[in-house]
Amino acid sequence: MKTFKDEFDLHNWDVTLKSILSKTEQDVLSALRSSKRTLEDFKALISPAAKPYLEQMAQESRALTKKRFGNTIQLYSPMYLSNECQNICTYCGFSMTNKIPRRTLTDAEILKEVEYIKSKGFNHILLVTGEANKTVGVDYIKNAIKLIKDQFANISIEVQPLDQEEYEELITEGLYAVLVYQETYHRDEYKKHHPKGKKSNFDYRLETPDRLGRAGIHKIGLGALFGLEDWRADSFFTALHLKYLQKTYWKTKYSISFPRLRPHTGGLDPKVEMTDADLVQLICAFRLLDEDLELSVSTRESEIFRKHIVNLGATTISAESKTNPGGYVVEPETLEQFSISDDRPTEQVVAMVKGEGLEVVWKDWEAFSY
């Protein structure tokens, strides 16, 4: 059965990066003039040659976003169910090697957390766990969805990659979307950062969106963790993955997230620095590649950065995020997966969005009309 791996194996990392870095001003101008941009145009738009055209890119990105999504920003809340994990990941506070107290929420604790999240207005929730099949496997996730599905318009998950049949089981229970980040598409660097656990299987993770597409999921979220490898090459492979999925599973909707390495227990310094200007360039490039694409910016980013990006291309942001199980009310002091940057309460984030002339949407776009 054909999967993205077949497409991925046709591309060499070093050749791809060299191609991006060799893009010229003329390539950028050609990409900006194009009415239907290709992946080669995307390479030009994320290249160093595009830096002088960032203002032009930002203006078009803003216009395309307003055209497709109106003056709106969607808010969602992540809820961490467990920090149990069987993987070793060099960049994650939940890594198995970190000697931390492990915590998995009970049904009663899940409902306490949900009560707080609902009190803030959220109608779209993202359930997050570490990757521990025995502790927080399919049965646990299914139970969590059953517990809360009557209280939210949309339930998404960010958990360990699963088999197609397991995704089908969760979709039947009410699962709407799955976020699965490759972290880095550089195969050798991936191995360095994932030396042990099921996550060390690069190909199984790479083919997860294929299993989701075949299972009939409503939406798939993609992304790379910027800082592990060159952000431009990782972004190209994310775009390549996106275009393959859109063509193969055309009934499914897609989103892209842009996480940058943040401080955590057992911290890892970024191998490659990604500046704020780089991230703005990338977000605008994705918008110019696909005006229908949902682009998400989390509380990893600063208050100032998020204030500006909501009018330049982002469609979705999180608010008042806690990255530890029970972090809202049950056990606020447990270890976080990583440190957030924008720690404002939901009310202040809502005020910021409205201050930028935008309306807050509390559920997924598919459930909202304007």
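Keep in mind that this is a model prediction, so the values were computed, not measured. Computed over heavy atoms, backbone and side chain alike; hydrogens, waters and symmetry mates excluded.
With 3.5 Å as the limit, one finds no donor-acceptor pair spanning the side chains of Gln56 and Glu60. A donor atom on one side chain and an acceptor atom on the other are found under 3.5 Å apart for Asn143 and Asp107. Between Thr184 and Glu189, the side chains place no donor N or O within less than 3.5 Å of an acceptor N or O (distance only, hydrogens not considered). For the residue pair Lys219 and Asn154, no side-chain donor N or O sits within less than 3.5 Å of a side-chain acceptor on the partner. Residues Ser341 and Glu301 bring no donor and acceptor atom of their side chains to less than 3.5 Å of each other. Under 3.5 Å, the side chains of Tyr254 and Asp292 contain no donor-acceptor pair of N or O atoms. The closest side-chain donor-acceptor pair between Ser77 and Tyr328 falls under 3.5 angstrom. For the residue pair Gln160 / Lys198, no side-chain donor-acceptor distance below 3.5 Å is found, with atom types taken as modelled.
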- Message: Please determine whether salt bridge (charged side-chain N to carboxylate O under 4.0 Å, His left out) holds for the pair Glu40 and Lys23, giving the CA-CA distance in whole Å, both sets of side-chain angles, and the decisive distance to 0.1 Å.
- Response: CA-CA 9 Å; Glu40 284 301 311; Lys23 292 297 182 183; 2.7 Å; yes
- Message: With salt bridge (charged side-chain N to carboxylate O under 4.0 Å, His left out) as the criterion, how do Lys307 and Asp342 come out once you've worked through the C-alpha distance, each side chain's angles and the decisive distance to 0.1 Å?
- Response: CA-CA 10 Å; Lys307 175 181 170 67; Asp342 185 354; over 6 Å; no
- Query: Could you walk me through whether Thr316 and Val297 pass the side chain to side chain contact (heavy atoms under 4.5 Å, CB included) check?
  - Reply: CA-CA 6 Å; Thr316 307; Val297 178; over 6 Å; no
- For side chain to side chain contact (heavy atoms under 4.5 Å, CB included), just list the numbers for Ile283 and Ile309, CA-CA rounded to whole Å, side-chain angles, deciding distance to a tenth of an Å, and then say yes or no. CA-CA 9 Å; Ile283 290 171; Ile309 206 63; 3.6 Å; yes
- Message: Does Met352 form a side chain to side chain contact (heavy atoms under 4.5 Å, CB included) with Arg344? I'd like the steps, not just the answer.
- Response: CA-CA 10 Å; Met352 177 272 288; Arg344 292 172 295 170; 3.6 Å; yes
- Task: Please assess Glu183 against Arg205 for the test salt bridge (charged side-chain N to carboxylate O under 4.0 Å, His left out), listing each intermediate value before the final yes or no.
- Result: CA-CA 10 Å; Glu183 314 299 10; Arg205 193 169 189 89; 3.8 Å; yes
- Kindly determine whether Lys322 and Asp343 satisfy salt bridge (charged side-chain N to carboxylate O under 4.0 Å, His left out), including the steps that lead there. CA-CA 9 Å; Lys322 305 297 182 184; Asp343 60 359; over 6 Å; no
- Task: Quick one: do Ile317 and Arg306 satisfy side chain to side chain contact (heavy atoms under 4.5 Å, CB included)? Show the steps, please.
- Result: CA-CA 8 Å; Ile317 61 174; Arg306 298 201 327 150; 3.5 Å; yes
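To the nearest 0.5 angstrom, Leu288 atom CG is 6.5 Å from Leu32 atom CG. Within the model, atoms OG of Ser298 and CG of Leu126 stand 10.5 Å from one another, a figure rounded to the nearest 0.5 Å. Rounding to the nearest 0.5 Å places OG1 of Thr135 at 10.0 Å from OH of Tyr140. Going from atom OH of Tyr190 over to atom CG of Asp234 covers 12.0 Å, rounded to the nearest 0.5 Å. Interatomic distance, Leu179 CG to Ser296 OG, rounded to the nearest 0.5 Å: 7.5 Å.
Thr72 places a side-chain N or O within 3.5 Å of a backbone atom of Phe69 that can act as its donor or acceptor partner. Checking side-chain atoms of His241 against main-chain N and O of Phe237 turns up no donor-acceptor pair under 3.5 Å. No donor-acceptor pair under 3.5 Å is formed between the side chain of Tyr116 and the backbone N or O of Val330. Side chain of Ser34 to backbone of Ser30: no donor-acceptor contact under 3.5 angstrom is found. A donor-acceptor pair is defined here as one N or O able to donate and one able to accept, closer than 3.5 Å; such a pair exists between the side chain of Lys118 and the backbone of Gln151. Side chain of Glu356 to main chain of Val353: no donor-acceptor pair is present (N/O by atom type, distance under 3.5 Å, no hydrogens or angles). The closest donor-acceptor contact from the side chain of Arg37 to the backbone of Phe42 lies at 3.5 Å or more, if one exists at all. Between the side chain of Asp163 and the backbone N or O of Glu166 there is no donor-acceptor pair closer than 3.5 Å. Listed for the Arg287 side chain is a donor-acceptor partner under 3.5 Å among the backbone atoms of Gly313. Side-chain atoms of Thr315 come within 3.5 Å of backbone N or O of Leu295 as a donor-acceptor pair.
Looking at Ile110 and Leu81, their side chains come closer than 4.5 Å, going by heavy atoms from C-beta outward. Between Leu170 and Ile157 there is a side-chain heavy-atom pair separated by less than 4.5 Å. Within the 4.5 Å cutoff, the side chain of Thr104 has no heavy atoms near those of the Pro325 side chain. Side chains of Leu245 and Thr252 form no contact here, defined as non-hydrogen atoms less than 4.5 Å apart. The closest side-chain heavy-atom distance from Val360 to Ile73 is not below 4.5 Å. In this structure, the side chains of Trp231 and Leu279 stay at 4.5 Å or more apart for every pair of heavy atoms. With contacts defined as side-chain heavy-atom distances shorter than 4.5 Å, the pair Leu225/Gln182 does not qualify. Put simply, the side chain of Ser19 reaches to within 4.5 Å of the side chain of Lys43, judged on heavy atoms.
Ring-centre distance between Phe152 and Tyr176: not below the 6.0 Å cut-off. Residues Tyr76 and Trp362 keep their aromatic ring centres 6.0 Å or farther apart.
Taking the ring centre of Tyr249 as origin, the terminal cationic atom of Arg211 falls outside the region bounded by 6.0 Å and 45° from the ring axis. Lys191 forms no cation-pi arrangement with Phe202, by the criterion of a distance under 6.0 Å to the ring centre and an angle within 45° of the ring axis.
Looking at Asp41 and Arg33, no side-chain N of the basic residue comes within less than 4.0 Å of a carboxylate O on the acidic one, giving no salt bridge. A salt bridge does not link Asp290 to Arg68: none of the charged side-chain nitrogens sits closer than 4.0 Å to a carboxylate oxygen. Between Glu165 and Arg214, no side-chain nitrogen of the basic residue sits less than 4.0 Å from a carboxylate oxygen of the acidic one, so the salt-bridge criterion is not met.
Scanning all heavy atoms of the two residues, the minimum distance from Arg187 to Asp9 falls at NH2-OD1, 3.9 Å.
Hydrophobic clustering (side-chain heavy atoms under 4.5 Å, transitive across Ile, Leu, Val, Met, Phe, Trp, Tyr) keeps Val272 apart from Trp13. Cluster membership check: Met274 shares its hydrophobic cluster with Leu54, using side-chain heavy-atom separations under 4.5 Å among Ile, Leu, Val, Met, Phe, Trp and Tyr. Residues Val280 and Met57 do not share a hydrophobic cluster, defined by chaining ILVMFWY side chains whose heavy atoms lie under 4.5 Å apart. Connection of Val114 to Leu175 is established within a shared hydrophobic cluster, with ILVMFWY side chains joined at heavy-atom distances below 4.5 Å, either directly or through further cluster members. Criterion: ILVMFWY side-chain heavy atoms under 4.5 Å apart, direct or through other members. Under it, Val350 and Leu358 are part of a common hydrophobic cluster.
Under a cut-off of 6.0 angstrom, the local environment of NZ in Lys112 is sparse, with at most 12 non-hydrogen atoms contributed by other residues, nucleotides or ligands. Within 6.0 Å of NZ on Lys2 lie more than 12 heavy atoms contributed by other residues, nucleotides or ligands. Within a 6.0 Å sphere centred on NZ of Lys18, other residues, nucleotides and ligands contribute 12 heavy atoms or fewer.
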